[in-house]
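Ligands are counted one by one from 1 in listed order, and the atoms in each one are counted from 1 as well. Values in this document were obtained by computation on a predicted structure and should not be read as measured data.
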Amino acid sequence: MSLIVMKFGGSSVGDAERMKRVANRVVERQREGNRCVVVVSAMGDTTDDLIDLSKQICTVTPPAREMDMLLTTGEQVSVALLSMAVQSLGQPAVSFTGWQAGMYTEAVHGKARITDIQPERVLKALDQGNVVIVAGFQGMTTDGEITTLGRGGSDTTAVALAAAIQADVCEIFTDVDGIYSTDPRVVKCARKLPEITYDEMLELANLGAAVLHPRAVEYAKNYNVPLVVRSSFNHNAGTNVKEEAAMEQGIVVRGIASDKNVARISILGVEEKPGQLAKVFTALANEQIDVDIIVQSGVMNGAADFSFTVALTDKDKALEVIQSIRSEVGFREVSSQENLVKVSIVGAGMVSTPGVAAKMFEVISNLGLSINMVSTSEIKTSCVIDNSRLNEVIQALHTAYGLDTDQQAFVGGPADRR
Ligand code: ADP
Ligand code: ASP
Ligand code: MG
């Protein structure tokens, strides 16, 4: 008998029919002799719809606490309906909110980290023969305030819960057959990966591959949770995410990801004196602005230029922060650039294979595009480029690294999702 955590994303429970199909799948697993905990997201585009609704009420940014109160209702609808669907198949089930399931988080609204899980109630309900259905994406502070874990955070609920109850496996059911070499909605001949390492998946998720929430992968790695990503629309084998994964011969790049939430900020003519970088980045950090790639040019006439990237959504705030320290730092001008994208290649084998990054630069320049910024780690190379020909760039990289297959990827759910 195995203890399984099954997580179903928004498109898998997008309407009543899909909800019933998920219920059948869960009951099937329970009747095979397993004990099932199910984590669900809000139905379809509910979370986006709730955000739109808040914008109709508030002309300024809505209060973060009330936003969490609003958004957590989406998952609450799902757990109740799924529990009804499971019970109507004759299988006892019980639904829990995040807080009923013992998910504690830090006191931050909108993107809280899980700090503790007290799963006694979940375990008790399982012992009583129930399928336990838990609302993803939500938690509670020790003061009893409701929080959310960030967009896509139901994956993290599932993996963290799997770690807390020592489940044998955490299965993430979604609208594609598994993890692919790149988004199968963008590249039709994307390759389905039988397996991928935690480290590679963590890079891909952080670099924009929406198929898993980065913190879910972090959790899986830290607690060694066996993770499988598979389709809720068929029974095909999915992708195993694990500590070590075999690489196909002759292939060094496991996957390609892209992220359009990027803006470049350049500060020109910065007076050359010690501690300048520290001043700028401390001021940004104090406003919770994450800086990604940083490039500093050589010093000329006692002044230096430097550029860095921030999330596009943080750009205006970052510019304000920099203007506010202008007299303290001393610089000539500050400018910003949008319409960019960060394209990344990821593969554990890159570290021991020369020329992988060089090939990426060549592919991009052969398309007549210039590279604005580059960053590398042992297992990834990222280039910031103009975003106008992104799909073409990804397809060219995919072909150049030998990743194309002649099989069309399985993509379930609405064709126009993104
Ligand atoms: P869910 O609602 O199930 O959580 P998501 O939209 O969060 O689903 O994640 C699944 C989507 O991730 C797929 O529809 C696909 O378009 C996208 N995706 C991006 N990169 C990849 C990748 N490398 N492999 C598979 N899917 C990917
Ligand atoms: N419903 C939330 C979102 O749309 C959480 C999730 O789906 O994982 O981001
Ligand atoms: Mg998701």
### Task
Look only at interatomic distance and state if Gly152 has a nitrogen or oxygen under 3.5 Å from any nitrogen or oxygen of ligand 2.
yes
### Query
For ligand 2, which atoms sit closer than 4.0 Å to a heavy atom of Arg151?
3 (C), 4 (O), 9 (O)
### Task
Heavy-atom contacts with Pro184 under 4.0 Å: which atoms of ligand 1 show up? List them by number with element.
24 (N), 25 (C), 26 (N), 27 (C)
### Task
For Lys7, counting its heavy atoms only, list the atoms of ligand 1 lying under 4.0 Å from any of them.
4 (O)
### Query
Between Phe308 and Phe281, what is the ring plane arrangement, given parallel below 30°, perpendicular above 60°, and tilted in between?
perpendicular
### Query
Are any of the side-chain heavy atoms of Val384 and Arg264 separated by less than 4.5 Å?
no
### Message
Check Arg29 with Glu32, please: is the shortest side-chain N to carboxylate O separation under 4.0 Å?
### Response
yes
#### Entry: Nearest option to atom 25 (C) of ligand 1, as decided by whichever heavy atom of Gly178, Ala209, Ser258 sits closest
Gly178
### Message
Test salt bridge (charged side-chain N to carboxylate O under 4.0 Å, His left out) on Lys315 and Glu338; report intermediate values, then the result.
### Response
CA-CA 9 Å; Lys315 188 204 74 184; Glu338 301 184 13; 2.4 Å; yes
### Task
Report yes if some N/O of Asp155 lies less than 3.5 Å from some N/O of ligand 1; otherwise report no.
no
### Summary
So the atoms of ligand 1 within less than 4.0 Å of a heavy atom of Gly9 turn out to be 1 (P), 2 (O), 3 (O), 4 (O)
### Query
How about Asp116 and Gln118: does a side-chain donor come under 3.5 Å of a side-chain acceptor?
yes
## Note on the structure
For Ile179, the ligand 1 atoms with a heavy-atom partner under 4.0 Å come out as 24 (N)
### Summary
Here the atoms of ligand 1 under 4.0 Å from any heavy atom belonging to Thr174 are 1 (P), 3 (O), 8 (O), 9 (O), 10 (C)
### Message
Is any side-chain heavy atom of Tyr219 closer than 4.5 Å to one of Thr156?
### Response
yes
### N or O pair under 3.5 Å between Asp183 and ligand 1
yes
### Query
Quick one: does Ser41 get within less than 4.0 Å of ligand 1, heavy atoms only?
no
### Query
Hey, is ligand 2 close enough to Lys7 that some N/O pair sits below 3.5 Å?
no
### Message
Counting only heavy atoms, tell me which of Val176, Val211, Val229 gets closest to atom 12 (O) of ligand 1.
### Response
Val211
### Task
Before signing off on this row, confirm whether Tyr180 and ligand 1 have an N or O atom pair separated by under 3.5 Å.
yes
### Query
Are the charged groups of Glu106 and Lys111 less than 4.0 angstrom apart, N to O?
no
### Least distance between heavy atoms, Pro92 atom then Gly90 atom
CD-O, 3.7 Å
### Query
Does any non-hydrogen side-chain atom of Leu123 lie less than 4.5 Å from one of Ile165?
yes
### Those atoms of ligand 1 less than 4.0 Å from some heavy atom in Gly10
2 (O)
### Task
Would you check if the side chain of Lys192 reaches a backbone N or O of Thr239 as a donor-acceptor pair within less than 3.5 Å?
no
#### Entry: Atoms in ligand 2 with a heavy atom of Ser41 nearer than 4.0 Å
6 (C), 7 (O), 8 (O)
#### Entry: Any donor-acceptor N/O pair, Arg18 side chain to Ser11 backbone, under 3.5 Å
yes
### Query
Taking distance alone, with no angle check, do Asp155 and ligand 2 share an N/O pair under 3.5 Å?
no
### Query
Is there a donor-acceptor pair closer than 3.5 Å between any side-chain N or O of Arg191 and the backbone N or O of Leu403?
yes
### Query
Strictly under 4.0 Å, does any heavy atom of Gly153 approach an atom of ligand 2?
yes
### Task
State, to 0.1 Å, how close Ala278 and Thr282 come at their nearest heavy-atom pair, and which atoms those are.
O-OG1, 2.5 Å
### Message
So for Arg191, does at least one of its heavy atoms come nearer than 4.0 angstrom to any atom of ligand 1?
### Response
no
### Query
Looking at ligand 2, does His213 have a heavy atom less than 4.0 Å from it?
no
### Summary
Filtering Ser232, Gly208, Ala210 for the heavy atom nearest atom 5 (P) of ligand 1 leaves Ala210
